[in-house]
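Read through the structure below, which is laid out as structure tokens, and then see the notes.
Both backbone and side-chain heavy atoms feed into the values below; hydrogens, waters and symmetry mates do not. A quick note: this is a predicted structure, and the numbers were derived from the prediction, not measured.
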Amino acid sequence: MMPSFDEKRSESDVEVVGGKGFKVEEVTNALAHGEISELVVVAEGEERTTWFVWLLVLCSSISGLLFGYDTGVVSGALVTIGSDLGPAALSDLQKELITSSTTLGAMLGGLGAGMLSDIIGRRPVLVIADILFMGGAIGQAVSHNVWSMIGTRFLIGWGVGIAACVAPLYIQELSPTRLRGRMVVINVVAITLGQVIAYGIDAGFENVHHGWRWMVGLGTVPAGLQVIFLFFLPESPRILLKRGHVDEARAVMGKIYAHATSEQVDMKVKVLQAAVRQSIVITQTTTFLQRFRSILFVPVNRRALIVACGMQAFQQLCGFNTLMYYSATLFKQIGFNQPTAVGLIVSGTNFIFTLFALKYIDIIGRRKIMLFSAPGMIFGLTLASIAFHYLTKQTGGVLVDGTSYPHSWSGVVLFSMIAFVASYATGLGNVPWQQGEFFSLEVRGIGTSLATTTNWAANLLIGSTYLSLMAKITPSGAFGFYAGLCLLGFLFVVFCFPETAGLSLEEVQMVFMHGFGVRESSQLRERRQGAKVRKELGFDQAKV
């Protein structure tokens with residue numbers, strides 16, 4: 001019989017860590033008062049990633065690959081479907097419905113995914129997402145009318161929404177503190193790689209009869225592989241501790257911090273036990289509705305939610321995913337003979353600059369990387385707006401199929417798109433997916449669900465209005481509008497987005513105690529780095 005949590009607590013209360021007795025109650029009190037000793041939260045070799053962590057993150061990131069593939073593949077499919085779904089050619093409305101049905105499904109899937117993962121665990125929810133991916137991919141491949149295509153894209157959307165919410169959360173909870181940002185960015189790298197693969201497959205099957213069916217159907221392969229891999233991956237240590245499975249959690253932590261001593265691993269487990277114990281008490285003494293209300297009305301949780309949702313809204317309202325969905329259509333309209341191949345250049349840029357973020361997000365920090373990259377997005381979109389103005393002068397400001405546009409301005413449009421995407425991939429494409437670190441464990445699933453839903457709601461708004469917006473206010477006006485939204489997002493980062501790089505998941509919660517913590521988060525990070533230096537020099541703190 002599994003010992004009770006109280007029995008496990010008594011057992012760990014008498015353990016001595018590094019020659020000092022750290023009781024779980026002492027750590028709990030430290031957490032409650034916003035004080036966490038470096039000796040408690042730092043383990044030797046924390047900056048070194050083990051093969052276990054790499055394999056775990058890479059297997060989990062297949063969810064990101066599927067996310068990217070299934071959102072990117074539709075771009076090439078839309079220009080090659082032809083009359084295969086009934087009409088001689090898809091109308092703008094039908095294209096918007098096919099595209100936005102995925103986004104609507106993702107919004108609904110993301111809304112419940114985090115909450116469901118709090119109940120049954122992170123890993124089973126990812127299996128559910130894979131099943132939806134496989135069912136949707138097969139359904140698309142055999143579709144013979146527009147509505148069946150819309151329905152199966154909606155099913156795919158559920159899988160995308162679930163994966164987008166839970167995969168980063170799962171990776172965050174299984175990553176060493178000092179590498180947490182980088183590990184989550186690997187999932188984003190997988191998203192961009194999925195988009196590159198999608199564009200490559202789109203280009204390969206562009207001239208094949210019914211090639212679009214192969215484009216969408218091949219999504220079953222990575223989904224099937226991940227289902228197999230997930231059977232060999234562990235559950236999140238925080239979920240295991242929440243269930244009272246302390247020994248299993250300690251075993252997982254030992255693999256994550258393979259270079260640490262057993263005493264230091266025990267120390268890590270104590271911190272998690274203390275944080276999880278608080279969450280268990282809150283969970284057992286409150287209803288789901290009360291916890292949902294707490295994320296809206298408890299100031300610490302509400303500030304975290306505002307930042308998480310604000311960053312996710314910024315990510316979509318900048319208009320980036322319109323390029324993923326409609327880039328082939330756009331480049332075809334402005335005169336490129338091989339629009340899918342040109343779209344591959346854009347998705348390739350996204351992938352390459354995401355690798356930059358992978359290298360530097362934990363070194364530079366989330367906030368700084370956003371402050372450096374957001375102005376580049378504004379520049380790219382503003383340049384695109386100017387280029388479209390001069391490009392479409394001969395056609396009254398709108399794009400007309402079959403028109404021969406000046407190649408010089410078409411080239412400027414492509415350059416502006418590359419500049420925008422490079423800046424986006426460096427910062428905004430990655431940073432919002434660090435959202436899980438803002439929330440305490442008892443509301444983490446609810447918070448990430450709401451933030452992910454915000455992402456897909458904004459995506460739905462942008463994706464379903466892009467073609468109409470281009471027609472109503474001209475391409476120049478549309479991209480100028482997106483540039484204005486980017487400016488608002490940049491101001492949000494300046495005033496509301498705190499630095500969380502290098503802080504443990506439990507420490508991040510302190511940042512929002514008295515405001516948005518822009519200054520406090522930097523000071524806490526500096527103190528943490530200073531404490532690490534003192535520890536390395538031998539000036540260990542004697543108590544929590």
Side-chain angles (χ1 to χ4, degrees), residues 67 71 103 106-107 110 161 164-165 168 181 184-185 187-188 191-192 302-325 350 353-354 357 361 364-382 384-385 417 419-439 447-466 469 478-501 511-512 516-518 521:
F67 174 177
T71 54
T103 308
M107 184 176 70
C165 178
V184 173
V185 171
N187 186 63
V188 183
I191 294 173
T192 61
R302 184 173 63 245
R303 294 182 193 113
L305 185 67
I306 289 171
V307 172
C309 291
M311 291 302 293
Q312 290 287 18
F314 182 15
Q315 188 188 75
Q316 294 304 325
L317 293 177
C318 71
F320 172 79
N321 271 339
T322 59
L323 287 179
M324 291 299 101
Y325 298 147
N350 190 25
F353 280 86
T354 302
I361 192 167
I364 298 175
R366 285 78 151 135
R367 176 177 168 81
K368 284 184 180 178
I369 213 166
M370 280 301 309
L371 293 176
F372 292 150
S373 62
M377 295 170 56
I378 298 170
F379 165 77
L381 289 170
T382 303
S385 177
M417 293 295 104
F420 167 66
V421 169
S423 301
Y424 172 91
T426 302
L428 192 58
N430 303 282
V431 172
W433 295 115
Q434 310 290 335
Q435 60 190 10
E437 63 191 12
F438 293 137
F439 304 103
T448 54
S449 288
L450 292 175
T452 304
T453 301
T454 301
N455 179 292
W456 291 110
N459 191 332
L460 179 63
L461 176 65
I462 292 296
S464 61
T465 60
Y466 168 74
L469 197 66
F479 280 87
F481 176 68
Y482 294 145
L485 292 178
C486 272
L487 177 60
L488 292 177
F490 175 65
L491 294 175
F492 177 82
V493 171
V494 171
F495 293 107
C496 299
F497 186 66
E499 183 57 78
T500 57
V511 169
F512 296 108
F516 287 104
V518 172
S521 63

Just say parallel, tilted or perpendicular for the rings of Phe479 and Tyr482, cut-offs at 30° and 60°.
perpendicular

Shortest non-hydrogen contact between Ile462 and Gly319, atoms and distance
CG2-CA, 4.1 Å

If you look at every heavy atom in Val307 and Cys496, which pair is closest and at what distance?
CG2-O, 3.4 Å

Sequence neighbours left out, what passes side chain to side chain donor-acceptor pair (under 3.5 Å) with Ser385? Give chain and number order.
Ser476

Please list, chain by chain and in numerical order, all residues satisfying ring pair (Phe, Tyr, Trp, His ring centres under 6.0 Å) with Phe67, sequence neighbours excluded.
Trp456

Say you draw a straight line from CD1 of Ile364 to OG1 of Thr426; how long is it, rounded to the nearest 0.5 Å?
9.0 Å

Output the distance between atom CE (Met107) and atom OG1 (Thr454), rounded to the nearest 0.5 Å.
10.0 Å

Roughly how far, to the nearest 0.5 Å, is the OG1 atom of Thr382 from the CG atom of Leu487?
9.0 Å

Who passes side chain to side chain donor-acceptor pair (under 3.5 Å) against Gln312, sequence neighbours left out?
Gln435, Asn455

Heavy-atom side-chain contact between Ile361 and Val431 under 4.5 Å:
yes

Gly427 and Ser373: which non-hydrogen atoms are nearest, and at how many Å?
CA-OG, 3.5 Å

Closest non-hydrogen contact found for Val511 with Pro498 is CG1-CB, 3.7 Å

Non-hydrogen atoms of Gly429 and Val188 that approach each other most closely
O-CG1, 3.3 Å

State the OG1-CG distance between Thr465 and Leu460, to the nearest 0.5 angstrom.
9.0 Å

Donor-acceptor under 3.5 Å (Glu499 side chain, Arg366 main chain)
yes

Just jot down the side chain to side chain contact (heavy atoms under 4.5 Å, CB included) partners of Ala458, sequence neighbours excluded, or say none.
Gln316, Leu317

With sequence neighbours excluded, residues passing ring pair (Phe, Tyr, Trp, His ring centres under 6.0 Å) with Tyr466
Tyr326

To the nearest 0.5 angstrom, please state how far the CG atom of Leu450 sits from the SG atom of Cys165.
9.5 Å

Is the side chain of Arg367 donor-acceptor paired with the backbone N or O of Val494 at a distance under 3.5 Å, no angle test?
yes

The criterion is side chain to side chain contact (heavy atoms under 4.5 Å, CB included); which residues satisfy it with Ala304, sequence neighbours excluded?
Phe438, Phe439, Phe512

Value rounded to 0.5 Å, distance of CG in Asn459 from OG1 in Thr452:
12.0 Å

Val493/Phe314 under side-chain contact (heavy atoms from CB on, under 4.5 Å): CA gap, chis, key distance, verdict
CA-CA 10 Å; Val493 171; Phe314 182 15; 4.1 Å; yes

Would you say Gln315 and Trp433 make side-chain contact, with heavy atoms under 4.5 Å?
yes

Residues passing the side chain to side chain contact (heavy atoms under 4.5 Å, CB included) test with Ala425, sequence neighbours excluded, are Asn350, Phe353, Thr354

Can you check whether Ile378 reaches Phe420 side chain to side chain, under 4.5 Å on heavy atoms?
no

Any side-chain heavy-atom pair from Met370 and Phe490 closer than 4.5 angstrom?
no

Contacts of type side chain to side chain contact (heavy atoms under 4.5 Å, CB included), residue Ile306, not counting sequence neighbours:
Arg302, Phe492, Phe516

Can you sort out the partners of Thr448 under side chain to side chain donor-acceptor pair (under 3.5 Å), two or more places apart, ordered by chain and number?
none

Give me the atom names and distance for the closest heavy-atom approach of Ala357 to Asn430.
CB-ND2, 3.3 Å

